[in-house]
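Below, read A as the first sequence line, B as the second, and so on, with proteins coming before strands; counting in each chain starts at 1.
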Amino acid sequence: MSRAGQALRTSYLVASVAGVLFFALSVALLGAWPARLLEAQTAAMAPEKPLEPTTSEKRGRAIYAREGCAYCHTQQIRYLHADMARFGAPTLAWETRRDTPHLWGTRRIGPDLSRVGGARSLDWHYAHLYAPRAIVASSVMPGYPALFDGGPDRPRQDARDLVAYLESLGRARELAGPEGEARAREGCNCPDDEMQQMAFEGPLNAHPARAVRTREAAPALSGGDLARGQALYGRHCATCHGTTGAGDGPGARSLVPAPAKLAEHVYTTERLADVMWHGVAGSAMPAWRDYSTGDRAALALAVQALSAPRPEPDVPAHLVGLGREVYTANCVQCHGANGDGRGSAADKLTMAPANFTVQRLSLTEAVRVLREGVHGSPMAPWTTRLTDAERLAAAHYVRSLFRMTPAATEAR
Amino acid sequence: MSVAFGLVAAWQLIAPDLGRDVAWLGWGRVRYAHTQGIMLGWLANAFFAFLYHAVPILTGRPVTSARLGVWIFALWNFAVMAPGWMLVLAGVSQPLEWAEFPLVVDVVAILALALAGVQFLPGFFRRGVESLYVSSWYIIGGLVFTLLSYPMGNVVPEFLPGAAGAAISGLWIHDAVGLFVTPMALAIIYFVIPAATGRPVFSHFLSMLGFWLLFFLYPLNGTHHYVYSVIPMAAQLTAIVASALLGVTVVIVVTNLFLSMRGAGLLPADPALRFVGTGTFFYVIVSLQGSAQAQMSVNQTVHFTDWVVAHSHMAMLGFASFAAAGGLVHAWQRMPEARYNARAITWAYWMLVIGLVGMVVDLTIGGLVQGELWKSGAPWIDSVTASRVYWVARAHIGSILAAGFIALLVGLTTGPRGAGMVVRPAPAADGHDEVAPRLAPVTEAL
């Protein structure tokens, strides 16, 4: 063999060994070393007793994996302010320690789901999984009717497991609370690492749809473009509340409590601002915080326009005074003495009692609610305790508590 | 089949209730079948087929055993692809990108790859490594490194939690392309160009430089799929730097390839050369795009969007499928028994070019729109409604691509036998000698 051939042979041998070493290097440097570091990080930053997944959640996870949910929904909030503003705190290593195999995903067609737990109500999830477009009109998500027994209100075990899994996403860190965050920050030991510090800034869960029960005032709304509001209403609200506001949209069927019959109510702008900003905790009504102030103002106008002005019914003479008596005896504990929904028991209820000063039901609707209650809320039917006349009187009375603000009057 | 799965998935994005009551037609499952099918069903089969043409010429001796070949074919198609597809559609899968076939199928795939090593590699070593042409190196590298990376990417992340699993998964996403698809595609391109033009490659030195740099750098790219994640920044930065260097390497490789093709014209008359030339063009575009999108400033906008879907189509279709099609046509031109339909091949070429360019342009713009809308803070659903027009276009363009692949199938299965022949079969038993001198081994250049 020639000298050149021999030299070439040797250099190829060196290169081949180097090639294998580069592969080994990639596995070591980009696989094994990060794995060890992440393991150490997990040990140092995880809460002392982190929440473990239940059997149902594990089964739900398998369904999520099987159906390729991760190919449209990522589970990885990046260390980027744009991601954090939309989804919340960046994903920490310890949060993914039971995530085997990982479901991070590399494509977002739908939103990231890392912190979707608590962002939606269970009935919303069921209705949405069964027929996504019955809830979100322009969604492109496939429906999963096979997880149900013929209807969104009849979830099979599979649907329950999947929703249990979705509800668990982000919950471990949330439940770890401020102590958990403090422990993580300390375990991170990264005071000078600007990027890692981002994990602890901003709200933990920034889901714009998450309903919050609070008395904090929502950003005020004024003005607004009615035509735009009606277009937005048609696109986003009609699926549940119905095109005419009768509460009979395609998504309404399985929601408990049922979507509000907007046409049967007169709302102050403040009330609508509050609902769109905070959602209605305990119901499927999400918050719409990701919509601009202008859009929310426009939507408020569109909702107010749904209830046609009608002549105010007079209180029959024999019922004057009775309403107040009935209300004081039966309703104040929840709805409060002046009807503002701040009774002594209000805070203990899953859903905030109605505040009659900011919304007025039509008389027929008020009578119906008193007779039938609000299924899925603490409001019970009052047929055993109250007579027909008493319920009618109470209906008249709660309607009289409404205080129309100048803004709403003007809008109407 | 794989293109059909892709087409179904594309249509489901604009008609989401398509296949609503058929569990196995769920979007996620169909997508699993699409990508696994393209890589393992279409490309791997095409590569193996080409190896049966190229390896005897490159080594000067037949492959190990014809019977082993039947076994590899049967294993790959009836024990990997068929059960793989059936299982993912039935809901038995692993949610790891480019690795969705379940473990039981992975075991068979690894066995089949090992057998392919036994089938194709011994001849190279008997010939002596000092006189191997660059295609031989790519074939050796592709088979050996796939055997290493396949178990790493398909098995390990199944058992590693969260972030650590994602790190390994990211490596495989790139190794599948870089250590399996790319070497095989380049082996074809390097083989077809000199064989079709009748001239040796421009520079054997550059070809070998490119080969080794690719194998050094490709494995270090993987973590760029998880930029801005909790995976240690040092690892992310390593991958980002390696991605930039990889772009440089590809420029070296492609310069060499284009210089080897000089004189053949922009649109070579030989359809095989036309396919590989176009594949080379898309290779440099997709690689430079890859280097750019790994950079943090670009990545933060385009990551998670359709931009990346466009990128992977340019890689797997524009680069690898064009190379594979070129390789098959080239082999068909040298088989007197093979049916060949020249018109269908021409149709296939144009439909694939138009479809691919259309899809890449469409999804790249769509991806930028999505990225900007996400940054703007607009409600999420706005990015979905804004995407619709691009998805509608993509679904229709997908039909052109499907037609292109059907035309390719027609071109290789209909028409008179031997109609594609450009080389008369050699009179002697050592028929390989007719082509082999043009693939001048490196030593002759020294």
Side-chain angles (χ1 to χ4, degrees), chain A residues 4-5 8-9 12 15 18-19 22-23 25-27 29-31 33-35 37-39 65-71 74 76 78-80 82 85-86 90-93 96-104 106-109 111 132-133 136 138-143 145-146 195 208 290-291, chain B residues 12-13 16-17 20-21 23 26-29 31-32 91 93-97 129-130 145 148 152 157-169 171 212 215-216 219-220 222-223 225 228-233 235 238-239 300 304 308-309 374-375 377 379-381 384-385 442-443 446:
Chain A
L8 206 56
R9 221 183 154 88
Y12 280 155
F22 266 96
F23 181 78
L25 177 72
S26 81
V27 177
L29 188 68
L30 305 181
W33 173 71
L37 214 79
L38 290 165
E39 205 178 313
R66 176 186 85 196
E67 299 301 338
C69 303
Y71 286 61
T74 55
Q76 182 221 339
R78 296 178 294 170
Y79 287 76
L80 282 174
R86 213 177 261 285
T91 308
L92 289 176
T96 69
R97 80 205 183 293
R98 292 285 179 267
D99 229 3
T100 312
H102 79 94
L103 292 168
W104 277 20
T106 55
R107 173 80 178 94
R108 276 180 190 157
I109 292 178
R133 276 155 298 289
V136 182
S138 39
S139 164
V140 295
M141 185 171 124
M195 200 185 94
D290 46 350
Y291 284 75
Chain B
Q12 281 176 332
L13 276 182
D17 286 322
R20 176 174 186 267
D21 296 312
W27 187 88
R29 300 187 193 186
R31 191 194 181 285
Y32 288 176
S93 49
Q94 40 190 46
L96 302 168
E97 247 177 300
V129 289
E130 72 282 357
F145 280 88
L148 295 176
M152 176 205 71
E158 242 335 72
F159 303 100
L160 270 184
I168 295 281
S169 217
L171 289 186
W212 288 112
F215 273 87
F216 294 168
L220 292 169
T223 317
H225 297 103
Y228 293 107
S229 74
V230 71
I231 293 172
M233 200 24 106
T238 305
Q300 58 176 283
F304 296 140
V308 182
V309 181
W374 294 347
K375 268 198 289 190
W380 185 269
I381 197 72
V384 176
T385 32
V442 185
T443 40
L446 281 171

Which bit of [X] comes within less than 4.5 Å of chain B, counting heavy atoms only: side chain, backbone, both or neither?
X	answer
A/P90	neither
A/P142	both
A/I109	both
A/A70	neither
A/L37	side chain
A/V136	side chain

Heavy-atom pair count under 4.5 Å with chain B, highest-scoring of [options]:
options	result
A/P34, A/A65, A/A15	A/A15
A/C69, A/A85, A/P132, A/A93	A/A93
A/D99, A/L80, A/T74	A/L80

Under 4.5 Å, counting heavy-atom pairs only, tell me which of [options] racks up the most with chain A.
options	value
B/A235, B/A163, B/A167, B/S169	B/A163
B/I168, B/L13, B/T385	B/L13
B/F216, B/F215, B/F159, B/W27	B/F216
B/G377, B/A239, B/P161	B/P161
B/P95, B/G165, B/G28	B/P95
B/A23, B/S229, B/G91	B/S229

Does any non-hydrogen side-chain atom of [Y] lie less than 4.5 Å from one of [X]?
X	Y	result
B/T223	A/L30	yes
A/R133	B/D17	yes
B/V308	A/R107	no
A/T100	B/L160	no
B/P16	A/M141	no
A/L38	B/P232	yes
A/H102	B/L96	yes

Interface moiety of [X] toward chain A, non-hydrogen atoms closer than 4.5 Å:
X	answer
B/V384	side chain
B/W374	both
B/R31	side chain
B/L171	side chain

Roughly how far, to the nearest 0.5 Å, is the CD atom of B/Q300 from the CZ atom of A/R78?
7.5 Å
About how many Å separate OG of A/S26 and CG of B/L220, when rounded to the nearest 0.5 Å?
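Answer rounded to 0.5 Å: 5.5 Å.
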With A/R97 via salt bridge (charged side-chain N to carboxylate O under 4.0 Å, His left out) - residues at least two apart:
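So A/R97 forms a salt bridge (charged side-chain N to carboxylate O under 4.0 Å, His left out) with A/E52.
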Hey, what's the ring geometry for A/F23 with B/F145, parallel, tilted or perpendicular (30° and 60° as the breaks)?
perpendicular
Side chain to side chain contact (heavy atoms under 4.5 Å, CB included) evaluation trace for B/F304 with A/Q76
CA-CA 11 Å; B/F304 296 140; A/Q76 182 221 339; 3.7 Å; yes
A/T106/B/E97 under side chain to side chain contact (heavy atoms under 4.5 Å, CB included): CA gap, chis, key distance, verdict
CA-CA 9 Å; A/T106 55; B/E97 247 177 300; 2.6 Å; yes
